[in-house]
Trainee: 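Before we start, here is the structure in question, set down as structure tokens.
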Amino acid sequence: MSRLSQKHLLGIKDITRQDIELIFETADNFKDVINRPIKKVPSLRDVTVANVFFENSTRTRLSFELAQKRLSADVINFSASNSSVKKGETLLDTVNNILAMKVDMIVMRHASPGAPHYLSRHIKANIVNAGDGTHEHPTQALLDTFSIREKLGGVEGKKIAIIGDILHSRVALSNIFALQKLGAKVMVCGPPTLLPKYIAQLGVQVELDVMKALQWCDVANVLRIQLERQQIKYFPSLREYSLYYGITKKILDSLKKQIVIMHPGPINRGVELSSDAADSHHSIILDQVENGVAVRMAVMYLLAGQI
Amino acid sequence: MKILLQSPRILQKGSPFHNKEKNVLIQNGRIQEIGDKNYSADRIVKAQGMLLSAGWVDMGTYVGDPGLEHKEDLESLNKTAIAGGFTTLAVLPNTQPVVQSKNEISYITRNNDSRLVQFHAMAAVTKNTKGEELTEMIDLHEAGAIAFTDGLKPIWHTDVFYKALQYLQKFDGLLVDHAEDQWLNMFGQMHEGLQSTLLGMKGMPRIAEEIAISRNLELLAYAGGRLHFSKVSTAKSIDMLRSAKKKLQLSCDITSYQALLTDEQLKNFDTHYKVNPPLRERADNDALLKGLKDGTIDVICSGHLPQDEESKQLEFDLADFGIISLQTMGSNLATLAEEVEWENLIEKITTTPRRLLNLEQPLIEPETKANLTLFDPERSWTLDDKTNQSKAKNSPWFNSKLKGKAVAVFNNNKSWIDKDED
């Protein structure tokens, strides 16, 4: 069996193009599996996985849990809406308590950038980063690029515009790394206050006008406005945002070409994406969700090969 | 007991012994002889290749006593300072309670008579260092405060800053400012740049420091007075200070580690490199080195900021800022000495801070009180559980091999000689 270059999946920044391609090939097989009448394989039998979520999540946690169950892993779930620190227990103590129950793999979401990296220096179990603050969300980027590959036949040379709140988005950063590793051209677009000042140094194009971004791209990955991660006010109102940065079916129809619309969910309908755009034939949002399970199965399967 | 320091290189500009290798005999807390003779002594320290200077001064040391003694108390600070080669510390007011009355000043200084290291209090400029209301600075000055600062916090209020500069002129008091615009740095974790973008972390832009420096230079020009900027970090700050120093009573310092580390050190989210001002980029560090060489930077401070393990061993954005650096400052200086002359560096940790703080200048001459630091720039050592004297361990160099170590200090009729000399 081919192996990943890393023991953990902490971020896309740390893995190679070969790793990504191996995950895609493995996910192709698992996508077949989950579309069969018997959707389960015994690959992770006797492997115990803990989903440790320090931040609210519905679909990512469900997607991971479903992927684990399809792989026949034993699953435990830990959620804390408040950070463990506020409850008086440190992250390390919380995780070590869970590991004492003989857990092999940790899937963690945490509000602090670098939290899984910190953990990886102190524990032996494999770690999958399910989102660390405003840093990375590697499995989301993998399923996004997997979905682009599926829809357009490949990622190399394709033009992808990431639109919205880039500053607070772990999805944006992971997507930029993944897309660049796979040879795509990347543009970011949003209100200037929601674009990191030094983002161009990552080798991406920067555009402030949504229409120009949509005219340029093959795929628009529309991000959720992360109101919950904004500690400071970055734009005046949702109303103005939706008027000047929101994407509607009317706008999509006015383009001279077909583009693909993606969104990592959950959508703020009527803010970054109108309902008629989200539900249009442009959208592959639900394909992303389906692919999420296959890609996460592939990631955990490949990491479990190193247990 | 007679102690003979054999052939150290004496560094004290203006002294007849400056830059010469001489034998120095110390007895009963005084320098008895300086010369080429092999004086008889009870204890001989072979000091060839070592540097002998006036005792080192740290201008702005953090201590958690009173209030946060688990981070560092006055006793552990004393030991740490000795091991680092210091004989004088100007202590920051960021204790609990804040140093803002005679009581707190006497608490800091009360054991000076029996202690090798002399602690001096820098008192708060504003009540509870909130930046709003002035403290009783004349009374604090009378009680022994040697400078006025809100320490780790900026004096954000323009009018309060202006009035502090005015008020201190009654006794030519020194205002020490940590220049930072808190709004631009709000929730900031590290230097804003490519690295913070790659790590998804809220940055602390250079301009947050530069705006504060620019504003406060204008206030100084308007109000008059004496101003010292502590822990400067950006290239543009240095440029602004260089030109402003031509016409204003102005000085500044950097921490000993600032010019040696960059934000790339943070790429693995190591909280030991989380400091304020943040580690910046190579170009900034080059400007700091230039500022050290041409005298724009007057003082080098340790930036000693002890944190307990619970404040550092956690997620990056939840961790506190700071490095313990009293003991490693000498090693930092030894690295800086590859670029900057030793006599220049030594001046920035002895003569200049004493001049700014109006402290007596110890002389390296016979028949004077011994207030001395003997430093071996070549000595290898490791900061670890055995050698660390601080209560805290938050150093990026913990368990690392370092070069350059204090070997002996003399002050207040007391001496400490590194046990490796036995």
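Here is the naming used below: chain letters follow the sequence lines, and residue numbers restart at 1 for every chain. Remember, it's a predicted structure, so these values are computed and weren't measured experimentally.
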Trainee: In Å, rounded to the nearest 0.5 Å, how long is the span from CG of B:Leu194 to CG of A:Leu202?
Mentor: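 Here the rounded value is 6.0 Å.
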Trainee: If we only count heavy atoms from C-beta on, is the A:His117 to B:Asn268 side-chain gap below 4.5 Å?
Mentor: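 SC-SC contact between A:His117 and B:Asn268 ruled out.
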Trainee: Can you name the nearest heavy-atom pair linking A:Tyr198 to B:Thr197, along with the distance?
Mentor: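 So the two residues come closest at CB-OG1, 3.5 Å.
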Trainee: Do any N or O atoms from the side chain of A:Tyr118 and from the backbone of B:Asp270 form a donor-acceptor pair under 3.5 angstrom?
Mentor: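 No.
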Trainee: Whether the side chain of A:Ser112 engages the backbone of B:Asp317 through a donor-acceptor N/O pair (distance < 3.5 Å, no angle test) should be reported.
Mentor: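 Not confirmed, A:Ser112 side chain does not pair with B:Asp317 backbone.
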Trainee: Measure up the B:Phe269 and A:His135 rings against each other and bin them: parallel (under 30°), tilted (30 to 60°), perpendicular (over 60°).
Mentor: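 Perpendicular: the ring planes of B:Phe269 and A:His135 meet at over 60°.
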Trainee: A:Phe146: which residues meet the ring-ring contact (aromatic ring centres under 6.0 Å, His included) condition with it, sequence neighbours left out?
Mentor: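 A:Phe146: ring-ring contact (aromatic ring centres under 6.0 Å, His included) contacts with A:Phe24.
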Trainee: In terms of heavy-atom pairs under 4.5 Å with chain A, which of B:Gln189, B:Met201, B:Gln313 leads?
Mentor: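 The residue among B:Gln189, B:Met201, B:Gln313 with the greatest pair count is B:Gln313.
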Trainee: Any chance you could measure A:Thr90, atom OG1, to B:Glu310, atom CD, to the nearest 0.5 Å?
Mentor: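 Here the rounded value is 9.0 Å.
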Trainee: Any donor-acceptor pair under 3.5 Å linking the side chain of A:Lys13 with the backbone of B:Leu198?
Mentor: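 The answer is yes, because a donor-acceptor pair under 3.5 Å joins these two groups.
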Trainee: Which atoms of A:Pro196 are under 4.5 Å from chain B, going by heavy atoms: the side chain, the backbone, both sets, or neither?
Mentor: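 The answer is the side chain of A:Pro196.
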Trainee: Measuring heavy-atom distances to chain B, does A:Ile199 have an atom under 4.5 Å in its side chain, in its backbone, in both, or in neither?
Mentor: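 For A:Ile199, heavy atoms of backbone and side chain both lie under 4.5 Å from chain B.
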Trainee: To the nearest 0.5 Å, what is the distance between NZ on B:Lys202 and CG on A:Leu167?
Mentor: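 That separation rounds to 8.0 Å.
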Trainee: Can you check whether B:Gly200's main-chain N or O pairs, donor with acceptor, with A:Arg170's side chain at less than 3.5 Å?
Mentor: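 The answer is no, because no donor-acceptor pair under 3.5 Å joins these two groups.
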Trainee: Taking everything shown except A:Lys7 itself, do over 12 heavy atoms lie less than 6.0 Å from its NZ?
Mentor: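 For A:Lys7, atom NZ is crowded (more than 12 foreign heavy atoms under 6.0 Å).
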Trainee: If you count heavy atoms of other groups shown closer than 6.0 angstrom to CD1 of B:Ile207, is the number above 12?
Mentor: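 No.
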